[in-house]
Amino acid sequence: MKKLLLFLLIFIESVLAKEVIVSLPHSLPPWVIDDRRGLALDLVRDTLQQAGYGFMPVFVPLQRLDWALKQTNVDAVAMVENQAIEHVFYSQPIGAYETIVVTLRSRRITVSSVSSLENLVVISFKGSTEVFPLLASVASKSDSFLEVTDQQGQVSMLFKRRADAIILDRNLFEYWARQHTDVSFRQQVDILPLNRIIPTSHSNPIFVVFKEQLIRDRFNTALAQMHSNGSFEQIYAKYLRR
């Protein structure tokens, strides 16, 4: 009888668990690959479930995350890079953007300073020269500095030896590098954090922003538990080359 009552209590609690509506960017690998999988999608879902909540994702363009948070039916927004939004509650970081320079080890290319990039074929992410003015200086002195929006293409160009170096987020590189299963792409790389040659650059933590403090607090508690039991790293390992 006690077991039956316990089962009923657990069942009722699961049925009555608040469903947290979370807005995420649409199609942003590896964070959101489709409406069923992605690093951020898995991480937010599993953390909320660990905290005792249901989870309903709503997908919007990355540029509309701030707009999504203002919608009355949205409880939280994932993949926020800064803490500039007022009157909301920020989670502990669920990840970070870190800009890196990647070269093939077999090419024996040494990048010791920003000026080292001037003599290389460099493919960087779109807008990099606006984020890092020193890269704009490199681009102005080189005809071989290109900015692209296709990060998958960046990685392919590096492995095909059509670029000497690529500049992009570490997570994006690890994800797209892992997608290449052909033996010709299994090459060792040298990774240099951009802040080694541009002191002002740094990694940007990624947060989940909540409207309710209680949900944020429970999310943080569950996130800490996932760190301690290894499930946090297991989710990362599903998607990134580590």
Practice task
Give, for atom NZ of Lys18 and atom CD of Glu212, the distance between the pair rounded to the nearest 0.5 Å.
Solution key: 5.0 Å
Practice task
Apply side chain to side chain contact (heavy atoms under 4.5 Å, CB included) to the pair Leu104 and Leu158, showing each step before the final yes or no.
Solution key: CA-CA 7 Å; Leu104 292 181; Leu158 177 72; 4.1 Å; yes
Exercise for the section: Mind running side chain to side chain contact (heavy atoms under 4.5 Å, CB included) on Ile94 and Thr47 for me, showing each step along the way? Expected result: CA-CA 10 Å; Ile94 62 170; Thr47 305; over 6 Å; no
Exercise for the section: Show your reasoning for whether side chain to side chain contact (heavy atoms under 4.5 Å, CB included) applies to Phe219 and Val20. Expected result: CA-CA 11 Å; Phe219 181 90; Val20 178; over 6 Å; no
Problem - Heavy-atom check, side chain of Val114 versus side chain of Ile198, under 4.5 Å - result: yes
Exercise for the section: Give a yes or no answer on whether the side chain of Arg178 reaches the backbone of Leu240 with a donor-acceptor pair at less than 3.5 Å. Expected result: yes
Validation: residues 68-83 side-chain donor-acceptor distances under 3.5 Å, sequence neighbours left out:
| from | atom 1 | to | atom 2 | distance (Å) |
| --- | --- | --- | --- | --- |
| Gln71 | NE2 | Trp67 | O | 2.9 |
| Asp75 | OD2 | Ile21 | N | 2.8 |
| Asn82 | OD1 | Ala84 | N | 3.1 |

Problem - Summary of salt bridge (charged side-chain N to carboxylate O under 4.0 Å, His left out) pairs that have at least one residue in residues 83-102, sequence neighbours excluded - result: Glu98-Arg170
Exercise for the section: Specify whether Tyr239 and Tyr175 have parallel, tilted or perpendicular ring planes, treating 30° as the upper limit for parallel and 60° as the lower limit for perpendicular. Expected result: tilted
Completion exercise
Separation between CD (Gln154) and CD (Glu147), nearest 0.5 Å, reads 10.0 Å
Handout entry: Point-to-point distance, once rounded to the nearest 0.5 Å, from CE of Met226 to CD of Glu233
Key = 11.0 Å
Practice task
Starting from the C-alpha separation in whole Å, work towards a yes-or-no answer on side chain to side chain contact (heavy atoms under 4.5 Å, CB included) for Val22 and Leu48.
Solution key: CA-CA 10 Å; Val22 182; Leu48 283 172; 3.9 Å; yes
Exercise for the section: Kindly work out whether a path of hydrophobic side-chain contacts (I/L/V/M/F/W/Y, heavy atoms less than 4.5 Å apart) joins Phe207 to Val44. Expected result: yes
Practice task
Identify whether Val111 and Leu135 are in the same connected component of the hydrophobic contact network (ILVMFWY, side-chain heavy atoms under 4.5 Å).
Solution key: yes
Problem - Listed partners of Ser137 passing side-chain contact (heavy atoms from CB on, under 4.5 Å), at least two apart - result: Lys141
Handout entry: All salt bridge (charged side-chain N to carboxylate O under 4.0 Å, His left out) counterparts of Arg196, not counting sequence neighbours
Key = none
Problem - Joint cluster assignment, Trp176 & Leu168, ILVMFWY side-chain distance < 4.5 Å - result: yes
Handout entry: Side chain proximity check, Phe132 to Thr99, heavy atoms < 4.5 angstrom
Key = yes
Extract all donor-acceptor atom pairs below 3.5 Å that involve side chains of residues 23-37 and protein atoms in other chains or at least two apart in sequence.
| from | atom 1 | to | atom 2 | distance (Å) |
| --- | --- | --- | --- | --- |
| Ser23 | OG | Val58 | O | 3.4 |
| Asp34 | OD1 | Arg36 | N | 2.8 |
| Asp34 | OD1 | Arg37 | N | 3.0 |
| Asp34 | OD2 | Arg37 | NE | 3.1 |

Handout entry: Interatomic spacing from CG in Leu134 to OG in Ser128 - rounded to 0.5 Å
Key = 12.0 Å
Fill in the blank from the handout: In terms of heavy-atom contacts, Val101 and Ala165 come closest through CG1-CB, 4.1 Å
Problem - Min side-chain heavy-atom separation Phe173-Val189 under 4.5 Å - result: yes
Exercise for the section: Return the minimal non-hydrogen interatomic distance between Val155 and Ile166, and the atom names on each side. Expected result: CA-CD1, 4.1 Å
Problem - 4.5 Å side-chain heavy-atom contact, Asn171 and Tyr236 - result: yes
Fill in the blank from the handout: So CG of Leu192 and CD1 of Ile167: to nearest 0.5 Å the spacing works out to 9.5 Å
Problem - Heavy-atom closest pair, residues Ala139 and Thr129 - result: CB-CG2, 4.1 Å
Practice task
Can you sort out the partners of Asn204 under side chain to side chain donor-acceptor pair (under 3.5 Å), two or more places apart, ordered by chain and number?
Solution key: His202
Handout entry: Side-chain donor or acceptor of Ser142 paired with backbone N/O of Val138 under 3.5 Å
Key = no
Exercise for the section: Measure across Ser106 and Arg161 and return the closest heavy-atom pair with its distance rounded to 0.1 Å. Expected result: OG-NH2, 2.7 Å
Handout entry: Listed partners of Thr221 passing side-chain contact (heavy atoms from CB on, under 4.5 Å), at least two apart
Key = Gln225
Exercise for the section: With sequence neighbours excluded, tell me which residues meet side-chain contact (heavy atoms from CB on, under 4.5 Å) with Ser112. Expected result: Thr110, Ser116
Handout entry: Spatial distance of atom OH (Tyr53) from atom CD (Glu19) [nearest 0.5 Å]
Key = 13.0 Å
Practice task
Would you kindly confirm whether Phe59 and Leu65 end up in one hydrophobic cluster when ILVMFWY residues are joined by side chain heavy atoms under 4.5 Å apart?
Solution key: yes
Exercise for the section: Considering non-hydrogen atoms only, spot the tightest contact between Gln151 and Thr149 and give its length. Expected result: OE1-O, 3.2 Å
Exercise for the section: Check side chain to side chain donor-acceptor pair (under 3.5 Å) between Arg64 and all other residues, then give those that pass, not counting sequence neighbours. Expected result: none
Practice task
Under the salt bridge (charged side-chain N to carboxylate O under 4.0 Å, His left out) rule, collect the residues that match up with Asp190, sequence neighbours excluded.
Solution key: Arg105
Fill in the blank from the handout: For Asp164, the side chain to side chain donor-acceptor pair (under 3.5 Å) test, sequence neighbours excluded, returns Arg107
Handout entry: Residues that Met157 engages under side-chain contact (heavy atoms from CB on, under 4.5 Å), provided they are two or more places apart
Key = Ile123, Arg162, Ala163
Practice task
Check whether Val60 and Phe210 end up in the same hydrophobic cluster, where Ile, Leu, Val, Met, Phe, Trp and Tyr are linked by side-chain heavy atoms less than 4.5 Å apart.
Solution key: yes
